[in-house]
Amino acid sequence: MKNSNRFDFDTPVDRRGTASLKWERYRSHDIIPMWVADMDFKSPPEVIEAIHKRAAHGVFGYTLPPEELNSLIVSMLKKTYAWKVAPEWLVWLPGLVTGLNVACRAVGQADDDVMTAVPIYPPFLTAPRFSRRNLIKVPMKEDGGYWQFDFDRLEQMITPNTRMFILCNPHNPVGRVFSRTELAELAAICHKYEIVICSDEIHCGLILDEEKVHIPTATLDAEIADRTITLMAPSKTYNIPGLGCAFAVISNKKLREQFKKAMAGIVPMPNTLGYVATMAAFSECAEWHEALLDYLRVNLETVSGAIQKMPLISMTPAEATYLAWIDMRSSGLKNPVKFFEEAGVGLQDGAEFAGPGFARLNFGCPRRLLKKALNRMKTAINNLSA
Ligand SMILES: Cc1ncc(COP(=O)(O)O)c(C=O)c1O
């Protein structure tokens, strides 16, 4: 606990009436929404201040990526990950899911194969099909709740038409922060079969396990960087997903040109306030970020402590993200999400992640609300097992 007292993550902010995706789902029901991945906290004060300042200017015309923002990203990547990036490698996007879909269109051609490891964040499952690519889903291995790549299976499932692997690191939903060894093994396979890696690193600022560090895939070595499209954004860490601002880092000129070509005429620039918020987030919010991580670590302990005491369901604490991946396979419930909705808690169905039998709980909220939800879950599951 270093900085938590300076910032207030405890006081609830009423999000009803703001057309919040998360809160609208259960608008007129007493169901605590713990599904889609945004947090119920206010963004850092510096982000709010920067938006106020820019709003006061009053003109919101088409806006280029500010040069100082490119320099800021370059220095942030160098300082945080010892990653030397040239400003021209950056491609700005209005969202990271946009980047996943653009990557699928940019690499290979119609009917080629795109691979990912499941369970996985749902847009990984739809992006290939939207781009007329086939999806190859490689199941991850689970050992006592600890999820890993199944490299043998992965290599066996590669086809002559496999052009891209979409990687999620840190991983949503299983919460893993992949080690250098794991990333290097995956990258070596991709290199061997000349597969491009699209590395979604949106959760990289949310490492909760203090023994782990985020390793951008492109920092493994120059050859791997050459076949990697990295996608990053400030949106998860600083809770600004509604401001639509993300970026790709692509060092390979040809790949970058293909990516930009696939965007042409379809993908708009990020909005003006998104740039402003990103600038403030990466330059002024280090203390808020530390305090957030402290708060989320205690929330994670709260969730895993409570789930441990519940019969029939289990979880392994996430190493990163504010998402808990809960195993409900032993509960005998046909529809665990419906069951918990009836108990007043709105989880996200694992089936949407190609992980049926699991549910995802978003613990990015004031602790009191989290405890209320966990108590509701406890009562419901106790009644079920009684
Ligand atoms: C792995 C991953 N990628 C992308 C996104 C969404 O990115 P965006 O809102 O910028 O499209 C999320 C949101 O939960 C996510 O978990």
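Just so it is clear, the model here is predicted, and its values are computed rather than measured. For ligands, and for the atoms within them, numbers begin at 1 and follow the listed sequence.
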Salt-bridge criterion met for [X] and [Y] (N-O under 4.0 Å):
X	Y	result
K212	E182	no
K338	E342	yes
E257	K254	no

(request) If you have a sec, work out which protein heavy atom is nearest atom 4 (C) of ligand 1 and how many Å separate them, to one decimal? (result)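 Answer, as residue, atom name and distance: Y121 CE2, 3.4 Å.
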
(request) Identify, for atom 11 (O) of ligand 1, the protein heavy atom at the shortest distance, and state residue, atom and that distance. (result) V97 N, 2.9 Å

Taking only heavy atoms of [X], which atoms of ligand 1 are found under 4.0 Å from at least one of them?
X	answer
A37	14 (O)
G95	10 (O), 11 (O)
I202	1 (C), 2 (C), 3 (N), 4 (C), 5 (C), 6 (C), 7 (O), 15 (C)
K236	12 (C), 13 (C), 14 (O)

(request) Describe, in one word, how the ring planes of F9 and Y295 are oriented to each other, choosing from parallel (under 30°), tilted (30 to 60°) and perpendicular (over 60°). (result)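 It falls in the tilted class, 30° to 60°.
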
(request) Report the relative orientation of the aromatic rings in F151 and F149; use parallel for angles under 30°, tilted for 30 to 60°, perpendicular for over 60°. (result) tilted

Would you be so kind as to tabulate the donor-acceptor pairs closer than 3.5 Å made by side chains of residues 79-96, with sequence neighbours excluded?
from, atom 1, to, atom 2, distance (Å)
T80, OG1, M76, O, 2.6
W92, NE1, N70, OD1, 2.8

(request) For a side chain to side chain contact (heavy atoms under 4.5 Å, CB included) with R163, tell me which candidate from V114, V107, V196 qualifies. (result)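 Between R163 and the candidates, side chain to side chain contact (heavy atoms under 4.5 Å, CB included) is satisfied uniquely by V107.
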
Just heavy atoms, cut-off under 4.0 Å: does [X] contact ligand 1 by side chain, backbone, both, or neither?
X	result
D200	side chain
N172	side chain
C168	side chain

(request) Indicate whether atom 9 (O) of ligand 1 is within a distance of less than 4.0 angstrom of some protein heavy atom. (result)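 It does not; no protein heavy atom is within 4.0 Å.
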
